[in-house]
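Okay, structure first, notes after.
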Amino acid sequence: KFALVFFQARNKMRTLPLSGLEKQALEKQGELTAAAVELQNEIVDLAMAGNTKQANNLLYHRTMPAQERVFKFLSDLIEMQRKASKEASSQAKKAYKRARFLMIVLGAGAILVGVVVAFVIIQRARRIETSLYREKKRAEITLHSIGDGVITADLAGRIEYLNSAAIEITEWKKEDAVGQDLFKVF
């Protein structure tokens, strides 16, 4: 029963994608096992024929050492697999660490770029706002100093600004006129 399970597992292993070294090892194990099986069959034949002394001699001197070679070889294969698994695990850990480091660096870089872009945009907006404020003040000073009456209104016709000459002409106080309809005041 165990021999059948062993051969089924071995045949299943042959269907897996194996490296060249693994294929060679599997073939070598097959040769060693086949030699041991031949010796076991020969022992059975000798025992059935009544040659127990010769069967015992063959068992102890050739079959058991052949089986020991198979077991040693299988142990070596297991050790080779352990080493290969350990190496694969080590490489996977290194790859994970590299990928993690790269993600952290790229994430930090993206954040840094975002901060720099935001800083540049804020600085530019402040310069534009300051420039617009200065222009507005200049325009107000200009409008205020003109001797003619000047009234500015929004698109809806509500008064936004009156200079001192317009206040005298309309006889409205500036704070009362702002927000009123232009045609009501003038």
Side-chain angles (χ1 to χ4, degrees), residues 1-138 154-155:
K1 179 178 177 180
F2 292 116
L4 177 64
V5 171
F6 176 80
F7 283 112
Q8 287 174 342
R10 187 173 183 280
N11 287 335
K12 186 176 181 181
M13 187 182 283
R14 283 181 158 173
T15 64
L16 298 174
L18 302 173
S19 70
L21 183 61
E22 290 170 326
K23 286 179 184 177
Q24 288 175 350
L26 191 60
E27 291 306 315
K28 175 80 172 165
Q29 180 275 324
E31 291 169 9
L32 290 173
T33 301
V37 168
E38 279 183 37
L39 290 171
Q40 289 169 354
N41 288 335
E42 192 176 334
I43 290 170
V44 169
D45 290 342
L46 287 171
M48 297 293 270
N51 296 331
T52 54
K53 187 175 181 179
Q54 199 176 2
N56 279 337
N57 187 31
L58 184 60
L59 175 65
Y60 289 115
H61 296 292
R62 291 184 55 205
T63 306
M64 289 179 78
Q67 287 178 335
E68 285 297 319
R69 285 190 297 274
V70 170
F71 290 136
K72 166 101 173 70
F73 192 78
L74 289 173
S75 295
D76 291 346
L77 281 176
I78 289 170
E79 185 59 30
M80 185 182 354
Q81 283 298 315
R82 281 189 189 133
K83 286 179 181 178
S85 294
K86 189 175 180 179
E87 178 63 26
S89 176
S90 175
Q91 288 178 358
K93 285 178 184 177
K94 287 177 184 176
Y96 170 77
K97 286 180 180 179
R98 281 191 303 266
R100 184 172 170 227
F101 175 76
L102 186 60
M103 288 176 58
I104 289 170
V105 168
L106 290 176
I111 290 170
L112 182 62
V113 167
V115 168
V116 168
V117 167
F119 179 76
V120 168
I121 289 172
I122 290 169
Q123 290 299 327
R124 187 167 183 201
R126 284 183 181 163
R127 283 194 303 269
I128 291 170
E129 186 179 324
T130 301
S131 178
L132 285 173
Y133 179 77
R134 287 182 187 147
E135 287 300 317
K136 179 182 175 192
K137 285 298 180 188
R138 279 190 214 124
D154 62 15
L155 293 174

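Residues: numbered from 1 along the sequence shown.
Taking the side chain to side chain contact (heavy atoms under 4.5 Å, CB included) definition, one finds that V115 meets it with I111, sequence neighbours left out. Residues passing the side chain to side chain contact (heavy atoms under 4.5 Å, CB included) test with L21, sequence neighbours excluded: S19, Q24, M80. Residues satisfying the salt bridge (charged side-chain N to carboxylate O under 4.0 Å, His left out) criterion with E135, sequence neighbours excluded, are R138. Residues forming a salt bridge (charged side-chain N to carboxylate O under 4.0 Å, His left out) with E38 (at least two apart in sequence, or on another chain): none. For the side chain to side chain contact (heavy atoms under 4.5 Å, CB included) test, residues two or more places apart in sequence or in another chain that qualify with L59 are I43, T63, M64. Applying the salt bridge (charged side-chain N to carboxylate O under 4.0 Å, His left out) criterion to R124, with sequence neighbours excluded, gives no partner residue. Residues satisfying the side chain to side chain contact (heavy atoms under 4.5 Å, CB included) criterion with N41, sequence neighbours excluded, are V37. With sequence neighbours left out, N56 forms a side chain to side chain donor-acceptor pair (under 3.5 Å) with no residue at all. R126 meets the salt bridge (charged side-chain N to carboxylate O under 4.0 Å, His left out) test with no other residue; sequence neighbours excluded. Every residue two or more places apart in sequence or in another chain that forms a side chain to side chain donor-acceptor pair (under 3.5 Å) with T33 is listed here: Q29.
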Working for salt bridge (charged side-chain N to carboxylate O under 4.0 Å, His left out), residues K28 and E31:
CA-CA 5 Å; K28 175 80 172 165; E31 291 169 9; 5.1 Å; no
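With Q54 as the partner, the side chain to side chain contact (heavy atoms under 4.5 Å, CB included) test is satisfied by one option alone out of N57, L58, N51, T52: N51.
Residue Q123 places its CD atom among more than 12 non-hydrogen atoms of other residues, nucleotides or ligands, all under 6.0 Å distant.
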Which atom pairs, one a donor and one an acceptor, fall under 3.5 Å between side chains of residues 84-96 and the rest of the protein, sequence neighbours left out?
from: S85; atom 1: OG; to: Q81; atom 2: O; distance (Å): 3.0
from: E87; atom 1: OE2; to: Q91; atom 2: NE2; distance (Å): 2.9

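Closest approach of A47 and A55 over heavy atoms only: N-CB, 4.1 Å.
Within the structure, salt bridge (charged side-chain N to carboxylate O under 4.0 Å, His left out) contacts touching residues 45-74 (residues at least two apart or in different chains) are K72-D76.
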